[in-house]
K.L.:
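Have a look at this one.
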There are 2 protein chains.
Amino acid sequence: MAENRSSDTRERILDAAERLFMAHGYEGTSMRQITGEAGVNLAAVNYHFGSKESLMQEVFRRRLDWLNDERLRVLDAMEKEAAGKPLKPSQIVDAFFGTLLRMADDEEHGGKIFLRLLGRTLTEPSEFIRTFLAHEYAYVMERFKEALFRSLPDVPKAEIVWRFHFMLGATSYAIAGTDALRLVTDWQIEDSEPEDRADRLLPRLMSFLLGGLRAPLPGGDHQSKTEAA
Amino acid sequence: MAENRSSDTRERILDAAERLFMAHGYEGTSMRQITGEAGVNLAAVNYHFGSKESLMQEVFRRRLDWLNDERLRVLDAMEKEAAGKPLKPSQIVDAFFGTLLRMADDEEHGGKIFLRLLGRTLTEPSEFIRTFLAHEYAYVMERFKEALFRSLPDVPKAEIVWRFHFMLGATSYAIAGTDALRLVTDWQIEDSEPEDRADRLLPRLMSFLLGGLRAPLPGGDHQSKTEAA
DNA sequence: CTATGATTCAAACAAACGTATGAATCACGT
DNA sequence: ACGTGATTCATACGTTTGTTTGAATCATAG
């Protein structure tokens, strides 16, 4: 079986699709753009992946499998070392979001391009994408939710889930890097090279996330800490 | 001039486009879907708005003009009452994000549909949309950034801009309401009616945002509070 | 060297896209 | 009642979309 050229074509397509989906979105990217940038024949996508939808899924699977395995690896190591005791919230947040952001410097596993694609895709309207992501993430989310529940036994579980949502949103928008509202002005000029964006981003996002996660609960009158874990 | 039917058609188109852009995105929504759902002729969009891009801009302008005027109105009132003294961070955050979230119950100005559309659009790849949003938001962002700078004189301006980004992301994802990772499980069943999602969301998001905004600065060694406002 | 299965290729498919056209219909001042 | 400008309508235009086809080319095993 001649898998030399084959897998080469497959990866060229995946790389081009990853970059174009990030830049123009799923619906905004055509098969001809993808095959054109990858330098392969138009029919190659349908031959190797079956359809545009399957290609999109493979673009994510290629990166997410590694990312979520790594997240679980870090979490498992932490829990093993804790020996039954609950982890600190900062540990859990770092295992989930820190592992994600450290992908930015890991060109081997997609680097910044995949991070931006992932950030934009979390608000993607297409139903099949969200369904696919939910399936890919199901087990990881369950594990990290459980870890957070144990880590914050005085906080109602529903409240933790809400804040996990907020943390996801802040991170997703940060790595999408669109700056839709042109928030930056001249203060960013001091950035010599954009390469270290992730280096600067990681500690800043982390303290923001932890500040939000550990913020006092809203409305002290009702919905108090009665429903502890 | 017969503007009865005319403005009726215009608004029907805007309503349908708003809902469909929210559900399927800009590229994923066709003119025929829009005119079909609006119950108007296919050519009506190009007659009243000129093009699909102009329609998209009008969908946002219709709501954003009101929202940003309201934000400035609240901020102006607060600053007038403060009589020169800096505002509290919670006031500024509420004027910006609270005003936004309170739109959810205001069907007159788009309600939840527009909120979800706005949340998803902030990570939209299309360049012309982000450029348009940046222009629509330019003055409001400047005013609120200035207010935050004065409110937190000990925090470096760059740090405040970062955290404004994070707050935008958390809010944008929360109002998009996609739940791409299916974070909710059975705990949401207790929600009798989905109507009060915004009622529950507002205080929760607010305390998360304030917790993040006021979190201790990252890395105490370098990048300390030297550059105060 | 030849046979075989995997891969690439140019070309075409029907369908859907955003937009434009000109006639028909409407509302309304005179 | 008539004329005028605004609006609606059915229809078509030229592209572009994702996908398919069948022949050409490749690598490799016998």
Side-chain angles (χ1 to χ4, degrees), chain A residues 1-60 62 121 124-129 131-132, chain B residues 1-60 62 121 124-129 131-132:
Chain A
M1 20 187 141
E3 278 193 334
N4 297 350
R5 298 285 303 278
S6 159
S7 59
D8 210 61
T9 299
R10 272 183 63 98
E11 294 240 339
R12 295 256 295 278
I13 292 174
L14 288 172
D15 288 342
E18 184 173 68
R19 201 193 69 78
L20 288 168
F21 285 154
M22 179 272 285
H24 309 117
Y26 175 74
E27 311 264 12
T29 303
S30 73
M31 303 284 255
R32 285 163 180 83
Q33 285 178 271
I34 297 172
T35 54
E37 173 146 332
V40 302
N41 188 268
L42 169 61
V45 171
N46 287 281
Y47 175 78
H48 284 283
F49 300 95
S51 68
K52 190 185 177 185
E53 285 201 4
S54 301
L55 169 61
M56 178 69 154
Q57 293 183 6
E58 198 55 35
V59 166
F60 277 93
R62 177 172 67 146
T121 307
E124 177 91 17
S126 302
E127 181 58 30
F128 89 95
I129 298 179
T131 300
F132 168 75
Chain B
M1 16 184 146
E3 278 193 334
N4 297 351
R5 299 286 302 276
S6 159
S7 59
D8 211 62
T9 298
R10 273 183 63 98
E11 295 240 338
R12 294 257 293 279
I13 292 174
L14 288 172
D15 289 342
E18 184 174 68
R19 201 193 69 79
L20 288 168
F21 286 154
M22 178 273 285
H24 309 116
Y26 174 75
E27 312 263 12
T29 302
S30 74
M31 302 285 258
R32 286 164 179 82
Q33 284 179 272
I34 296 172
T35 54
E37 174 147 332
V40 303
N41 189 269
L42 169 61
V45 171
N46 288 282
Y47 175 78
H48 285 284
F49 300 97
S51 68
K52 191 185 177 185
E53 286 202 2
S54 301
L55 169 62
M56 178 70 153
Q57 294 183 6
E58 198 55 35
V59 165
F60 277 94
R62 178 172 68 146
T121 307
E124 176 91 18
S126 302
E127 181 59 31
F128 91 93
I129 298 178
T131 300
F132 169 75

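Chain A is the first sequence line, chain B the second, and so forth, proteins listed ahead of strands; every chain is numbered from 1.
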K.L.:
Nearest 0.5 angstrom please: Ile13(A) CD1 to Tyr47(A) OH, how far?
P.N.:
11.5 Å

K.L.:
Counting just side-chain N and O atoms, does Asn41(B) come under 4.0 Å of either OP1 or OP2 of dT7(D)?
P.N.:
no

K.L.:
Among dA10(D), dT19(D), dG18(C), which nucleotide has an atom closest to any side-chain atom of Ala43(B)?
P.N.:
dA10(D)

K.L.:
I'd like to check the salt bridge (charged side-chain N to carboxylate O under 4.0 Å, His left out) partners of Glu37(B); sequence neighbours left out, ordered by chain and number.
P.N.:
Arg19(B)

K.L.:
Rounded to the nearest Å, what distance is computed from the CE atom of residue Met31(A) to the P atom of nucleotide dC9(C)?
P.N.:
16 Å

K.L.:
Could you state the atom-to-atom distance from CG of Asn46(A) to C1' of dC9(C) in whole Å?
P.N.:
14 Å

K.L.:
Given atom OH of Tyr26(B) and atom C1' of dC17(C), what is their separation to the nearest angstrom?
P.N.:
12 Å

K.L.:
Can you check the Ile34(A) CD1 to dT17(D) C1' distance for me, whole Å?
P.N.:
12 Å

K.L.:
What's the closest nucleotide to the Leu42(A) side chain, out of dA10(D), dA12(C), dT11(D)?
P.N.:
dA12(C)

K.L.:
Relative to the 5' end of DNA chain C, which residue comes earlier, Val40(A) or Glu53(B), by the nucleotide with the nearest heavy atom?
P.N.:
Val40(A)

K.L.:
Respond yes when some side-chain nitrogen or oxygen of Ser30(A) is under 4.0 Å from OP1 or OP2 of dT16(D), and no when none is.
P.N.:
no

K.L.:
To the nearest angstrom, how far is Met56(B) atom CE from dT19(C) atom P?
P.N.:
14 Å

K.L.:
Working to the nearest 0.5 angstrom, can you tell me the gap between Met56(A) CE and Phe128(A) CZ?
P.N.:
5.5 Å

K.L.:
Would you indicate which nucleotide in dT8(C), dT19(C), dG18(D) comes nearest to any side-chain atom of Tyr47(A)?
P.N.:
dT8(C)

K.L.:
Return yes if some donor-acceptor pair links the side-chain N/O of Ser30(B) with the main-chain N/O of Gln33(B) below 3.5 Å, else return no.
P.N.:
yes

K.L.:
Would you tell me if any nitrogen or oxygen in the side chain of Ser51(A) comes within less than 4.0 Å of OP1 or OP2 on dG18(D)?
P.N.:
no

K.L.:
Taking CZ from Phe49(A) and P from dT8(C), how many angstroms apart are they, rounded to a whole number?
P.N.:
11 Å

K.L.:
To the nearest 0.5 Å, how far apart are CG in Asp15(A) and CD1 in Ile34(A)?
P.N.:
12.0 Å

K.L.:
By nearest nucleotide on DNA chain C, pick out whichever of Ala44(A) and Arg32(A) is the more 5' one.
P.N.:
Ala44(A)

K.L.:
Classify Thr35(A) by what it touches in the nucleic acid, base, sugar-phosphate, or nothing, heavy-atom distance under 4.0 Å.
P.N.:
nothing

K.L.:
May I ask you to evaluate whether His48(B) reaches the phosphate of dA6(D), defined as a side-chain N or O under 4.0 Å from OP1 or OP2?
P.N.:
no

K.L.:
In whole Å, what is the span from the CD atom of Glu27(B) to the P atom of dT16(D)?
P.N.:
14 Å

